[in-house]
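First up is the structure itself, then whatever we jot down about it.
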Amino acid sequence: MRSNNVLGFIFAGTLDEKIPELSASRTMASVPIGGKYRLIDFVLSNMSNSGINNVGIVAKSNFLSLMDHVGSGSAYDLSKRRSNLTILPPYGGKTFSNYVETIYNMHGYIENSREEYILISPSNVVTNFDYNSVFDFHSKNNADITLIYKHGVVPSGYDRPLTLDVDENGKVKQVFIKLETGDDKVNQFYGSVLIKKDLLMEEIRNSLSLNQLDVKRIIQKSIDKYNVYAYENTGYSAAISSINDYFEFNMDLMKKEVRDELFNPKRPIYTKVRDDAPSKYGLTSSVKNSIIAQGCVIDGEVENCVLSKGVYIGEGAKISNCIVMQDTKIGCNTNLNYVIIDKDVTIKDGRSLMGFDSYPIYIAKKSVV
Amino acid sequence: MFPKQEVVAMLLAGGQGSRLGVLTKKLAKPAVPFGGKYRIIDFPLSNCVNSGIEAVGILTQYQPLVLNEYIGNGQPWDLDGMHSGVNCLSPYQAVDGADWYSGTANAIYQNINYIDRYDPEYVVILSGDHIYKMDYNKMLEFHKEKGAACTIAVIDVPLDEASRFGILNTYEDGRIYEFDEKPEHPKSTNASMGIYIFSWKELKKYLVEDEAKGNSSHDFGKDVLPAMLDAGEKMFAYPFEGYWKDVGTIDSLWEANMDLLDPNVTLDLKDIYSRNPMMPPHYVSSDASIQNSLVADGCNVYGNLEFSILFAGVTIGKNATVNSSIIMPGAVIEEGAVVQYAIVAENTVVGKNAVVGEKPEDVTDRDNWGITVIGANTVIGENAVIKAKEMIESDTEVTANEK
């Protein structure tokens with residue numbers, strides 16, 4: 001199977017409800033992350049770098065920021081004569097809370113595309129992954145369906161996630177629903193599936209005709225009927241399912257091995273570009289263990305922070321363990337610890353805000369403190 | 001058929017820029033990196049776009065590969081219109097022969113067809129080696145108001161520096177009566193900025209006439225402008241206020257970069273567009289210390305940085321010190337190395353504990369002090385010492401023993 005025979009299909013609203021603060025004005029896919037990115041940049045770049053030419057993004061609600069961010073798809077090299085990025089807003093004005101009806105609702109787009117296969121993906125996973133390995137694996141095993149999974153502890157935001165029992169050849173023996181989350185390591189399936197389009201639509205139609213809308217059940221039952229295989233993503237991957245996951249991932253970027261893997265120059269992560277100047281450090285600045293995007297002006301002290309584009313840190317400010325989103329202004333002599341500060345916020349001179357490791361405070365977009 | 005454009009800009013980018021030495025060994029001067037993420041040409045190009053000029057021809061000749069690649073389809077500058085935009089114009093072969101661009105005026109002469117396609121009223125001639133922000137519209141308004149055939153932008157320079165520039169002597173209303181190229185005893189302080197607006201009809205006439213002259217060097221400053229003045233054309237000097245710097249020499253290139261760190265300098269980088277490398281935000285480690293510097297995406301800073309400019313993807317190792325220097329994309333300064341008053345070009349590696357450049361106060365004979373320059377893709381070996389004012393070739397390796 002060649003990658004240009006695979007249609008990319010991304011759900012923009014994966015677990016929106018689990019990060020109500022960040023998704024108040026946006027969908028999961030467009031949550032700002034890692035200083036200059038939005039969550040969807042990772043899966044889109046992975047698809048583009050793997051040679052997928054056409055990608056559809058199912059948008060359910062609050063997708064203005066998503067449309068603004070991905071635009072025509074040119075930043076991901078997905079806006080050419082034979083490659084396209086398409087945002088799929090609710091068709092016929094209908095939105096559905098289950099995947100079966102959502103996919104059926106988009107059957108026109110899926111069936112009209114020229115690709116034979118479809119790669120379905122959530123938008124909340126941060127990883128740098130080459131899908132070609134999955135395509136090869138799928139062909140080699142004559143699989144009907146390949147599920148992509150990660151071995152590890154299930155992030156706390158997932159309710160009853162699917163886990164896979166996989167044999168040594170990668171064949172799925174059983175699919176379980178995990179009832180309680182804990183510290184045990186399992187093969188968690190996040191929702192990335194490779195399947196022939198015809199087969200997918202046939203299953204979706206059958207399920208609808210039987211009023212079977214529970215996608216977990218459908219996947220469980222599919223192993224009786226089909227050759228279902230599973231492919232492990234053994235690299236770094238972080239699924240964002242809560243504000244704590246979000247905080248932890250941003251802090252993970254301070255680790256060199258994580259940065260080296262995620263930002264592999266051979267498979268760059270693309271994003272919408274803004275013409276910011278390089279960041280300017282003043283005479284009174286002191287920055288330690290931090291990730292800084294361009295366009296920042298830093299005159300204060302910053303430690304263990306992720307600063308997005310165009311952030312201003314005033315003189316005498318002490319900012320630690322914070323995630324600061326774009327164009328936020330933090331005044332002089334402020335003191336902030338464990339705070340997640342959304343876009344365009346103004347923190348006035350002299351203010352203090354203290355969260356805690358396990359409970360970072362969140363300051364909403366455009367607030368003035 | 002091309003829709004008419006009132007103004008077409010022609011950017012002279014063909015010169016070698018030999019005074020920049022190893023920095024222009026493999027690329028044209030306008031493509032030299034500047035200010036942490038830009039190339040020099042971003043300034044005139046962005047000025048064009050911000051002045052509403054939609055048709056820009058870039059005249060290339062010397063080492064055009066990097067420049068052509070960088071300009072590409074012009075999209076970063078919004079110059080990728082359907083019927084206008086940016087074009088790189090290199091010398092070409094025609095039925096009646098082929099010729100290199102023999103001078104600035106000849107370069108425009110050879111592209112009369114390109115300009116005529118747009119049927120413009122005015123042509124702006126720009127050079128690719130100046131750092132400044134300017135609204136060409138204001139200058140064009142002045143040009144129209146005066147009913148000029150040619151308007152030349154001038155900047156007020158200190159009297160003691162005036163003899164380094166081309167000085168324009170004018171009447172009170174700004175009309176030029178004399179050109180004074182690098183005068184020993186300047187009569188005024190109006191230095192030409194190398195920015196000309198011509199009414200196209202007039203310019204075309206003089207270009208054709210100049211081309212026919214056997215003894216002409218086909219240069220705007222030496223031939224075309226004096227010819228126009230002699231013929232009694234209305235030529236005006238347009239006074240510009242703001243930051244402007246010719247970055248044609250190592251010293252001036254270094255100074256212009258350092259000016260970006262000076263709060264008293266008025267140049268800001270807002271609305272200057274460039275091609276952006278796809279790199280993650282930069283990382284500053286717990287051991288690092290950064291003061292008064294510019295740092296671009298993709299850098300990893302583990303050492304000490306003062307009064308310096310880091311381009312995209314630069315690594316500064318632990319306990320390394322970089323002071324008053326410009327480090328171009330992808331360069332690596334390894335652990336314990338010292339780089340001071342230097343320009344380190346792209347992808348060069350300065351090995352562990354090597355010392356590049358010297359502080360002016362540490363050099364006894366001030367005449368021997370200067371900015372140290374290391375060419376691109378060079379390896380400076382461990383413990384090697386490179387003195388002030390030295391220039392190391394690109395694509396070479398220097399070991400401590402050789403020094």
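- Annotation: the span from Met278(B) atom CE to Asp77(A) atom CG amounts to 10.0 Å, rounded to 0.5 Å.
- Using a 4.5 Å cut-off between heavy atoms, Leu310(B) makes no contact with chain A at all.
- When Pro76(B), Pro280(B), Pro263(B) are compared by the number of non-hydrogen pairs under 4.5 Å with chain A, Pro280(B) comes out ahead.
- Ser285(B) touches chain A through its backbone: at least one of N, CA, C or O sits under 4.5 Å from a heavy atom, while the side chain does not.
- Taking every heavy atom of both residues into account, Tyr283(B) and Met254(A) meet most closely at OH-O, 3.6 Å.
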Under the side chain to side chain contact (heavy atoms under 4.5 Å, CB included) criterion, do Asp275(A) and Trp77(B) qualify, and how do the steps go? CA-CA 10 Å; Asp275(A) 280 286; Trp77(B) 304 270; over 6 Å; no

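- The distance from the CG atom of Asn276(B) to the CD atom of Gln294(A) is 6.5 Å, given to the nearest 0.5 Å.
- Considering only heavy-atom pairs separated by less than 4.5 Å from chain B, the leading option among Asp276(A), Thr271(A), Ile269(A), Leu253(A) is Asp276(A).
- Only the side chain of Val273(A) comes within contact range of chain B, with at least one heavy atom under 4.5 Å from a heavy atom of that chain.
- Contact annotation for Tyr302(B): only side-chain heavy atoms (C-beta onward) come within less than 4.5 Å of a heavy atom of chain A.
- Ranked by non-hydrogen atom pairs under 4.5 Å with chain B, the options Pro278(A), Pro265(A), Gly35(A), Ser285(A) are led by Pro278(A).
- When each of Ser279(A), Ala277(A), Pro268(A) is scored by its heavy-atom pairs under 4.5 Å with chain B, the top score falls to Ser279(A).
- Between Asn300(B) atom CG and Asp260(A) atom CG the span is 7.5 Å, to the nearest 0.5 Å.
- For Glu361(B), the CD atom is densely surrounded, since the number of other residues' heavy atoms within 6.0 Å is greater than 12.
- Comparing Ser289(B), Ala296(B), Ser293(B) by heavy-atom pairs within less than 4.5 Å of chain A, the highest count is held by Ser293(B).
- For chain B, the nearby part of Lys256(A) is the side chain; its heavy atoms alone come within less than 4.5 Å.
- Heavy-atom neighbours of Lys329(A) NZ from other residues, nucleotides or ligands within 6.0 Å: above the threshold of 12.
- For Glu315(A), the CD atom counts as loosely surrounded, since its 6.0 Å shell holds 12 or fewer non-hydrogen atoms of other residues, nucleotides or ligands.
- At distances below 3.5 Å, not a single donor-acceptor pair connects side-chain atoms of Lys36(A) with backbone N or O atoms of Asp297(B).
- Across every non-hydrogen atom of Val284(B) and Val287(A), the tightest pair is CG1-O, 3.4 Å.
- Taken from NZ in Lys280(A) to CD1 in Ile290(B), the straight-line distance is 14.0 Å, to the nearest 0.5 Å.
- Taking NE2 from His282(B) and SG from Cys296(A), the interatomic distance works out to 7.5 Å, rounded to the nearest 0.5 Å.
- Heavy atoms closer than 4.5 Å to chain A are found nowhere in Asp271(B), neither backbone nor side chain.
- Taking the side chain as every heavy atom from C-beta outward, Pro281(B) and Ile292(A) never approach each other to under 4.5 Å.
- In this structure, Lys288(A) places its NZ atom where more than 12 heavy-atom neighbours from other residues, nucleotides or ligands lie under 6.0 Å away.
- The side-chain heavy atoms of Val295(B) and Tyr281(A), taken from C-beta on, include a pair separated by under 4.5 Å.
- Options Leu261(B), Asp287(B), Val301(B), Leu294(B) differ in how many heavy-atom pairs under 4.5 Å they form with chain A, and the most are formed by Leu294(B).
- In this structure, the portion of Ile272(B) lying under 4.5 Å from any heavy atom of chain A is its backbone and not its side chain.
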